[in-house]
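Data block below; observations after.
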Amino acid sequence: QVQLEESGGGLVQAGGSLRLSCGTSGRTSLQYAMGWFRQAPGKEREFVAGIKWRNGNTNYLDSVKGRFTISRDRDKKTVYLQMNNLTPEDTAVYYCAAGINTNIYAPRDATGYDSWGQGTQVTVSS
């Protein structure tokens with residue numbers, strides 16, 4: 001199993017930007033899919049963005065397309081989530097996740113992942 005550690009959360013005004021990082025360690029593999037999920041108070045955890053280690057294919061939640069960008073650095077074993085033009089609706093705890101997956105794109109369902117980070121808080125003020 002792979003270990004994950006998120007960083008980069010914080011407080012930002014609406015329209016601002018943040019970059020989240022997810023460092024990986026342990027038994028990493030090119031077969032892994034990496035995902036970013038978020039959970040706001042009183043809401044279910046939702047898929048935000050995903051990327052495949054091997055081919056770099058990405059997919060996104062519709063509401064973040066054009067504002068968020070997921071990327072990976074294979075040498076640093078780190079996945080990033082660049083978040084621009086943030087809105088108060090983006091406020092949540094953001095989690096990094098990893099799971100072995102042979103599909104073309106990362107899964108949107110949390111059950112497709114078996115390793116999770118501890119989460120990092122993102123708060124966007126209006």
Side-chain angles (χ1 to χ4, degrees):
Q1 208 172 27
V2 63
Q3 288 77 49
L4 307 173
E5 184 172 3
E6 303 101 333
S7 61
L11 173 64
V12 65
Q13 289 187 333
S17 299
L18 283 173
R19 188 177 80 157
L20 305 182
S21 299
C22 175
T24 69
S25 60
R27 302 187 65 176
T28 57
S29 165
L30 288 177
Q31 293 185 11
Y32 269 99
M34 302 295 298
W36 284 99
F37 287 75
R38 66 186 182 187
Q39 188 166 18
K43 295 187 177 181
E44 293 187 355
R45 189 172 297 191
E46 67 176 352
F47 173 84
V48 176
I51 189 167
K52 297 298 300 288
W53 270 117
R54 182 181 296 278
N55 56 27
N57 283 353
T58 60
N59 50 343
Y60 297 91
L61 177 69
D62 283 348
S63 63
V64 308
K65 284 181 181 177
R67 300 189 299 123
F68 291 11
T69 302
I70 188 171
S71 62
R72 82 229 190 285
D73 185 324
R74 288 166 63 168
D75 291 336
K76 295 182 178 179
K77 296 184 179 180
T78 300
V79 175
Y80 303 97
L81 184 68
Q82 177 67 43
M83 305 185 296
N84 299 327
N85 194 20
L86 286 160
T87 73
E89 289 68 37
D90 296 316
T91 295
V93 177
Y94 283 70
Y95 298 90
C96 179
I100 293 179
N101 186 284
T102 58
N103 292 337
I104 295 175
Y105 294 99
R108 293 176 177 267
D109 195 310
T111 60
Y113 301 85
D114 54 17
S115 297
W116 292 83
Q118 80 286 354
T120 185
Q121 177 70 46
V122 171
T123 303
V124 185
S125 63
S126 58

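Note that this is a predicted model, so its numbers are computed, not measured. Just so you know, residue 1 is the first one in the sequence shown, and it goes up from there.
Around the CD1 atom of Ile104, the shell of radius 6.0 Å holds no more than 12 heavy atoms that belong to other residues, nucleotides or ligands.
A donor-acceptor contact closer than 3.5 angstrom is absent between the side chains of Ser29 and Gln31. A donor-acceptor pair shorter than 3.5 Å cannot be found between the side chains of Glu5 and Ser7.
Between Val2 and Met34 the shortest side-chain heavy-atom distance does not fall below 4.5 Å. Looking only at side-chain heavy atoms (C-beta outward), Asn59 and Phe47 come within less than 4.5 Å of each other.
Phe68 and Tyr94 have tilted rings, their planes meeting at an angle from 30° to 60° on a 0 to 90° scale.
Thr58 places no side-chain N or O within donor-acceptor distance of the main-chain N or O of Ile51, the cut-off being under 3.5 Å. In terms of modelled atom types and a separation under 3.5 Å, the side chain of Lys52 and the main chain of Asn103 share a donor-acceptor contact. Counting only distance, with no hydrogens or angles, the side chain of Tyr113 and the backbone of Cys96 share no donor-acceptor pair below 3.5 Å. Under the 3.5 Å distance criterion, the side-chain polar atoms of Arg67 are matched with a main-chain donor or acceptor of Asn85. A donor-acceptor pair is defined here as one N or O able to donate and one able to accept, closer than 3.5 Å; such a pair exists between the side chain of Arg108 and the backbone of Tyr60. Here the side chain of Gln82 pairs no donor or acceptor atom with the backbone of Arg19 at under 3.5 angstrom.
Both Val79 and Ile100 belong to a common hydrophobic cluster when Ile, Leu, Val, Met, Phe, Trp and Tyr are linked at side-chain heavy-atom distances under 4.5 angstrom.
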